[in-house]
Trainee: 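Okay, handing you the structure first.
Order of the sequence lines fixes the chain letters, A, B, ..., with proteins taken first and strands second; residue numbering starts at 1 for each chain.
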2 protein chains.
Amino acid sequence: MKDKKKELTKNQKIVLDFIQKSNKPVKAYSILSNVSKKGLKAPPQVYRALEKLMEVGEIHKIESLNSFVACNSKCIEPNGTIFSICKSCDQTKEVSNTELFKFLSDIKDMNGIELSGYNLELFGTCKTCKT
Amino acid sequence: MKDKKKELTKNQKIVLDFIQKSNKPVKAYSILSNVSKKGLKAPPQVYRALEKLMEVGEIHKIESLNSFVACNSKCIEPNGTIFSICKSCDQTKEVSNTELFKFLSDIKDMNGIELSGYNLELFGTCKTCKT
DNA sequence: AATATTTTGTTATAATATAACATTACCTTC
DNA sequence: GAAGGTAATGTTATATTATAACAAAATATT
């Protein structure tokens with residue numbers, strides 16, 4: 001018997017678990033060294049898990065940091081992500097600015113391109129780093 | 001006597017020239033191999049030029065493609081960039097949606113982070129690739 | 001010319017990511 | 001439960017992207 005929504009596999013769970021426990025975006029090779037005790041010993045094992053986790057919306061990639069973060073809640077629109085990133089400490093938060101979200105989602109065409117997704121990275125300095 | 005606005009150096013001009021002639025985002029090692037006949041033989045020479053060109057706003061990095069494009073016009077706000085990217089052919093265009101630009105620029109605080117810049121990458125399929 | 005500064009050149013290596021193939025686990029269906 | 005298929009994992013090697021560290025040359029300043 002087959003479940004409609006696929007369960008995550010062992011390696012995917014291990015990787016997701018580590019990302020969720022981190023309070024910052026984490027890099028692939030950092031994940032690798034941190035889960036090596038759980039049996040993942042080579043980059044492809046981590047990258048395969050990451051790819052799947054992104055597909056199902058459990059995590060996002062922060063492109064400007066080459067790092068990965070857990071989706072902070074049910075990911076309504078996995079193709080549209082908004083993050084605020086502290087340039088000083090790399091602390092990252094997923095933004096839920098409804099107005100902004102709506103604004104971006106409503107853009108249907110841009111430069112003749114039919115839009116299907118977006119990634120917005122907002123940079124600045126967080127309170128902790130400013131003081 | 002010292003100019004207020006610094007001229008670009010030889011290597012910077014070579015790299016910028018190649019990027020401007022390309023009609024797509026180009027990768028660092030692609031730049032390297034294409035300007036090797038002009039004397040740039042090693043990655044640091046290209047990366048140094050790229051860093052400077054980004055600083056002065058002549059080019060932007062497309063993070064999701066690890067590629068570089070020339071700024072399409074006078075870069076009013078180098079810390080805020082908006083690009084539309086065709087997922088199929090990587091054709092990229094800098095977006096000048098005034099409303100969107102204003103919206104993003106008006107965000108002064110997000111999650112306790114004082115914003116100083118942003119990078120928005122819009123994904124979709126261009127007309128050519130759709131047909 | 002002597003000195004400082006910036007730019008360039010060079011070697012080596014770090015960091016990020018994927019290709020390709022071997023092996024194991026796990027379902028089915030007979 | 002054996003046979004065969006599919007998905008997941010393991011493994012080796014290598015491709016791609018980027019920077020550190022130092023040497024040499026060019027340029028500017030005194």
Trainee: Under the rule for side chain to side chain donor-acceptor pair (under 3.5 Å), what residues qualify as partners of D90(B), not counting sequence neighbours?
Mentor: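 Partners of D90(B) by the side chain to side chain donor-acceptor pair (under 3.5 Å) criterion come out as none, since no residue qualifies.
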Trainee: Applying side-chain contact (heavy atoms from CB on, under 4.5 Å), can you list everything that pairs with K87(A), at least two apart in sequence or on another chain?
Mentor: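 In terms of side-chain contact (heavy atoms from CB on, under 4.5 Å), with neighbours along the sequence ignored, K87(A) is linked to F123(A), S116(B).
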Trainee: Give the rounded distance in Å between these two atoms: CG of L50(B) and C1' of dA18(D).
Mentor: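 For the pair L50(B) CG and dA18(D) C1', the rounded distance is 11 Å.
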Trainee: Are there any protein N/O atoms within less than 3.5 Å of an N/O atom in nucleotides 19-25 of chain C, and if so, which ones and at what distance?
Mentor:
none

Trainee: May I ask you to evaluate whether Q45(A) reaches the phosphate of dG10(D), defined as a side-chain N or O under 4.0 Å from OP1 or OP2?
Mentor: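 Checking dG10(D) against Q45(A), a side-chain N or O does come within under 4.0 Å of OP1 or OP2.
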Trainee: Can you give each donor-acceptor pair under 3.5 Å made by side-chain atoms of residues 32-42 of chain B, sequence neighbours left out, with the distance rounded to 0.1 Å?
Mentor:
| unit_1 | atom_1 | unit_2 | atom_2 | d |
| --- | --- | --- | --- | --- |
| S33(B) | OG | S30(B) | O | 3.2 |
| N34(B) | ND2 | S30(B) | O | 2.7 |
| S36(B) | OG | S33(B) | O | 3.2 |
| K37(B) | NZ | N34(B) | O | 3.1 |

Trainee: Are any protein N/O atoms closer than 3.5 Å to N/O atoms in nucleotides 14-17 of chain D? If there are, list each pair with its distance.
Mentor:
| unit_1 | atom_1 | unit_2 | atom_2 | d |
| --- | --- | --- | --- | --- |
| dT17(D) | OP1 | K27(B) | NZ | 2.7 |

Trainee: How long is the line joining CD of E51(A) and P of dT16(C), in whole Å?
Mentor: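 Rounding to the nearest Å, CD of E51(A) and P of dT16(C) are 18 Å apart.
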Trainee: Looking at residues at least two apart in the chain, or sitting in another chain, which of them share a ring-ring contact (aromatic ring centres under 6.0 Å, His included) with F103(A)?
Mentor: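 F103(A): ring-ring contact (aromatic ring centres under 6.0 Å, His included) contacts with F103(B).
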Trainee: Under the side chain to side chain donor-acceptor pair (under 3.5 Å) rule, collect the residues that match up with K27(B), sequence neighbours excluded.
Mentor: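 In terms of side chain to side chain donor-acceptor pair (under 3.5 Å), with neighbours along the sequence ignored, K27(B) is linked to no residue.
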Trainee: What's the angle between the local helix axes at either end of the helix from dA1(C)-dT30(D) to dC30(C)-dG1(D), using five pairs per end and rounding to 10 degrees?
Mentor: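 Inter-axis angle at the termini of the helix from dA1(C)-dT30(D) to dC30(C)-dG1(D): 30°.
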Trainee: In chain order, what residues pass the ring-ring contact (aromatic ring centres under 6.0 Å, His included) check against F83(B), with sequence neighbours excluded?
Mentor: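 F83(B) satisfies ring-ring contact (aromatic ring centres under 6.0 Å, His included) with H60(B) once adjacent residues are dropped.
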Trainee: Once you apply a heavy-atom cut-off of 4.0 Å, does K10(B) come out as touching a base, just sugar-phosphate, or nothing?
Mentor: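 The answer is sugar-phosphate, as K10(B) gets under 4.0 Å only of primed atoms, P, OP1 or OP2.
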Trainee: Would you kindly give the CG-to-C1' distance between L8(B) and dT8(C), to the nearest whole Å?
Mentor: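 Those two atoms, CG and C1', are 15 Å apart.
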Trainee: With T128(A), which residues qualify under side-chain contact (heavy atoms from CB on, under 4.5 Å), at least two apart?
Mentor: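 By the side-chain contact (heavy atoms from CB on, under 4.5 Å) rule, T128(A) matches C126(A).
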Trainee: How long is the line joining NZ of K38(A) and P of dT9(D), in whole Å?
Mentor: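 The answer, rounded to whole Å, is 15 Å.
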Trainee: How long is the line joining CD of E63(B) and C1' of dA18(D), in whole Å?
Mentor: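 Taking atom C1' of dA18(D) as the reference, CD of E63(B) is at 12 Å.
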Trainee: Could you state the CG-P distance from L40(B) to dA25(D), rounded to the nearest angstrom?
Mentor: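 That distance rounds to 17 Å.
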Trainee: Could you state the CD-P distance from Q12(B) to dT6(C), rounded to the nearest angstrom?
Mentor: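 Atom CD in Q12(B) sits about 13 Å away from atom P in dT6(C).
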Trainee: With a 4.5 Å cut-off on side-chain heavy-atom distances among I, L, V, M, F, W and Y, is there a chain of contacts connecting I62(A) to F68(A)?
Mentor: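 Not linked; separate clusters.
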Trainee: To the nearest Å, how far apart are K41(B) NZ and dT10(C) C1'?
Mentor: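 In whole Å, dT10(C) C1' and K41(B) NZ are 11 Å from each other.
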Trainee: Would you check if the side chain of E63(A) reaches a backbone N or O of L65(B) as a donor-acceptor pair within less than 3.5 Å?
Mentor: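 Such a contact is absent between E63(A) side chain and L65(B) backbone.
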Trainee: What pairs with S64(A) under side chain to side chain donor-acceptor pair (under 3.5 Å), at least two apart in sequence or on another chain?
Mentor: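 Side chain to side chain donor-acceptor pair (under 3.5 Å) list for S64(A), sorted by chain: E121(A).
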Trainee: According to a strict under-4.0 Å criterion, is T9(B) in side-chain N/O contact with OP1 or OP2 of dT8(C)?
Mentor: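 True: T9(B) side-chain N/O within range (under 4.0 Å) of dT8(C) OP1/OP2.
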Trainee: Check side-chain contact (heavy atoms from CB on, under 4.5 Å) between K93(B) and all other residues, then give those that pass, not counting sequence neighbours.
Mentor: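 Once residues adjacent in sequence are excluded, the partners of K93(B) under the side-chain contact (heavy atoms from CB on, under 4.5 Å) criterion are N111(A), S84(B).
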